[in-house]
Every structure is written in C-alpha cells, then in structure tokens.
Amino acid sequence: MDGGVPVVKVRNFDDGRLDLTKLVRTTKEIDAMYKRSRLQGGDILLSIRGSTGLVALVPPELGGGNITQDSARIRIQDASIRDFVVHALSCPYVQRQVALHTVGQAVKGINIASVRQLQIPLPKDENLRKDLTKAFDRLRRVEHLVEDGMQAKRRLKRALLEQMFRDRAGVWSVVRLQDVAEVRTGIAKNGNLKTGGLARPYLRVANVQDGYLNLSEVKSIEVDEASVHRYELRHGDVLMTEGGDFDKLGRGTIWRNEVPGCLHQNHVFAVRTDANRLLPEFLSLLSESTTGRRYFLRSSKQSTNLASVNSTQLRAFPVVLPSIVEQAEIVATQNLLRDAISLLDRQLAAYRQLKRGLMQKLLTGEIDVLNGPDARMEQENDIVRDGQRGQRHT
C-alpha cells in the first residue's frame, strides 16, 4: 500500500470491524522486523492491552498489514468456523473469561497464554452453526446500519447548528452570559461547612455528562439549612463542568429536578438563565457548539491533558442572542434530531440484546455446544513473547 505498511491499533476496532480511515503506517524496514505478526485477510484480532476484549475481522484489503503489541492475532485453521468464532469472542461468556484474566494497574492486559486458553462455545451441528452465523451476521449488519444512521444524524445535528451560527453571524446581538443569566458556584465538600444534620444529595462532575446525566450513583453530604438554600439546584438550571480532561471542559446538560432537593459540587456550575431573554435549552446547544467549545478551550487554564475554567471566565462567555421565538424554533429542530438519535439508540440496544440472547441459549444447553473449537490461536507479539519492552511500529 502507498505511504508505508498499515498498522492496526486498538483505536481502529469498531464493533467487529476495523476503521481503515485512521490507520497509521510504518516503514517497510520496520515491518520486516516483525514478519510473524503480519496480517492476512480473514485473521481475527483481539485487543489484549488497555481496552481488552475488543474483536475485529481483518478485511482482505488489509492483508500484509501489521499489528502492535496491544492486539492478538488469531488465525483459524478451519475456515468454516471462522465467522462464528468472530461472534463467539464477543459473547458475554468469553468476555467474562477475558475480564477474569486481565491484570495490571496503570495499563491492564491479558497475556497470550490466557488468550490461548479461552473457551469458545461452538455448536456441534454444522448446519446449526451456519444458521447461527448467518443470524449473527444479519444482526451485526443491522447494528452497523443503525450505528451509521446515528452517526449521520449526529453529524447533521451539529452541522445544522454550526451553519445557523455561521449564517446569522452579525445579525444576532452578542452579550456576555452574566448579562442574561446567573452563574452559581457549588458546594466544596471539604470546605468549612456548618453541619446542621441535613443530609442532601449532591451532584458531582461524574454525574454530568455531555448532554445527559448519569445518576447511577448520587452521593450525599451533610449541610446546614443556609447551605441548602444557597446550593440547591432548580428545574431548568444549565449544568456546566469546571473541567478535568479536555472533553469534560464546559460539558453539561439541563437539570430537570431528577433528584429533588439536590445540591451541586463546586466543580459543577449551575447557570440560571433569564427565561425572558435566554432559553436554557438554547444555551446548552450553544455551549456544545464549535463556537462554545473553542471559547472554553481558549479561555481555560491548561496543563497536561487537563483544563479548567473559573466562574469569571464562564460569566464572560459570549452568547449570541436571537429572539425567544427564534431560540424556540432552533431548539425544536435540534430536539427532533435528538429524538431520532434516541430512537436509533434504543433499536441498537434491542438488536444487541437479541444477539446476547441467542448466545445465551448456546450456553444454557438450549442449543448443543462443544467448548473449545479446533482452532489455532496465534499471537505474533514479540514484546509479550520475548519479554522485551518498548514501542513497536511507531
């Protein structure tokens, strides 16, 4: 291939596929040092470092490529079972084995000896195996179609938003956030709080995701009555995070009183808009736009992989200000796309549940299986095999 030899990294794994648009390449001289890890079309790859357990099938056009130390190459002797093995490696039964054998602290991984010992559910009946493979293939194709549809709608949602801001530049007025909203800082857990015996739930950065809330774990804090009044969230507050990793900078969503009486941590800002001038939903859209992201990154205090903004910088956030009617129309359009994405997301979850259910029938005996197919798992990883250290193909 032109430009060097393609090298597959874990970031290229995409639900059974390989994303060929983001491949790095190495020189033929370096590739020649790792002949045993060269790929053939039809090889199966399993990620073994970092995000372990990801599976992908190597397409024919990637034959002659190579892998890093983060992937295991599996080459099946019996081509008739190869496609089924791809699906079986992703099933909960095998993934639990992978998780059980994954060790390490800073960088987690599974060694090659453990990979070779993985037990794979394999139907004894060849016709049944073929039928199941076809069923899994169809489900995966549908999954990919749904995923591609979701991505397309996300791109459309963002493109419409960006075009709107671009086309209306110079038409709408621009004000500072503090002119149309109140920015409220949160409660410091280790601050000088007066304990009054009032236990209240409080929102942390971990609870505030990009466009939604993760309320699977909401912690509590003891505060006095005055602190409750000062830090309690209200319906319609726009939540924005102070920072952390770059992707967390300024991210947020709208509070809908999901947890009554909830307070917020000092690393989560609550922005309370003047509803007659600025809709919370419109501010949330603006903060997630390229314009908003660019402002937060430019204004933030940055260190290695970390960034943060303070309340002064947030109050100075430039808000383009259409009329309330225009804001409502923009929000309605974006909500239609959001709902379409949510519907696709639910469909995707249903297809994946169906696939898990089929595999579960294999494991509960409803479908007869033979654990451990006559397959040879090869891992041509010089670093793991020889105990060497360092980076390959970089």
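Treat the numbers as computed from the prediction; the structure is a model and nothing was measured.
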If you look at every heavy atom in V55 and Q95, which pair is closest and at what distance? CG2-NE2, 4.4 Å

Which residues end up grouped with L145 if you chain together Ile, Leu, Val, Met, Phe, Trp and Tyr wherever their side-chain heavy atoms are less than 4.5 Å apart?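 Under the 4.5 Å side-chain rule, L145 groups with nothing.
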
ILVMFWY clustering at 4.5 Å (side-chain atoms), partners of L160: L156, L337

Connected via hydrophobic side-chain network under 4.5 Å: [X] and [Y]:
{"X": "V268", "Y": "L215", "value": "yes"}
{"X": "W172", "Y": "V174", "value": "yes"}
{"X": "L128", "Y": "L122", "value": "yes"}
{"X": "V331", "Y": "I324", "value": "yes"}

For R272, side chain to side chain donor-acceptor pair (under 3.5 Å) partners two or more places apart: D237

Taking NZ, NE, NH1 and NH2 as the nitrogens, is one of them in K134 or D137 under 4.0 Å from a carboxylate oxygen of the other?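 Judged by the 4.0 Å cut-off on N to carboxylate O distance, K134 and D137 do not form a salt bridge.
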
Would R17 and D14 pass as an ion pair if we require N to O under 4.0 Å? yes

Flag for [Y]-[X]: side-chain donor and acceptor within less than 3.5 Å:
{"X": "N66", "Y": "D31", "result": "yes"}
{"X": "R315", "Y": "S311", "result": "yes"}
{"X": "D339", "Y": "S342", "result": "no"}
{"X": "Q119", "Y": "Y93", "result": "yes"}
{"X": "T52", "Y": "T102", "result": "yes"}

side-chain contact (heavy atoms from CB on, under 4.5 Å) with L177: of V271, T273, V238, only one passes, and it is V271

With salt bridge (charged side-chain N to carboxylate O under 4.0 Å, His left out) as the criterion, how do E222 and R200 come out once you've worked through the C-alpha distance, each side chain's angles and the decisive distance to 0.1 Å? CA-CA 6 Å; E222 283 196 7; R200 287 297 186 97; over 6 Å; no

For the side chain of R176 and the backbone of A316, is there at least one donor-acceptor N/O pair under 3.5 Å apart?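 Here the side-chain-to-backbone pair does not exist.
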
I'd like to know whether CZ of R256 has more than 12 heavy-atom contacts from other residues, nucleotides or ligands below 6.0 angstrom.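 More than 12 within 6.0 Å, yes.
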
Is it the case that more than 12 heavy atoms not belonging to R234 sit under 6.0 Å from its CZ atom? no

Could you walk me through whether F317 and F296 pass the ring-ring contact (aromatic ring centres under 6.0 Å, His included) test, one step at a time? CA-CA 8 Å; F317 179 63; F296 288 125; 5.1 Å; yes

Residue pairs fulfilling ring pair (Phe, Tyr, Trp, His ring centres under 6.0 Å) with at least one residue in residues 95-123, sequence neighbours excluded: none

Going by the rule side chain to side chain contact (heavy atoms under 4.5 Å, CB included), which residues pair with S220 if we only count those two or more places apart in sequence or in a different chain? none

For V107, side chain to side chain contact (heavy atoms under 4.5 Å, CB included) partners two or more places apart: R49

Pairwise side-chain contact, L45 with L18, heavy-atom cut-off 4.5 Å (strictly under): yes

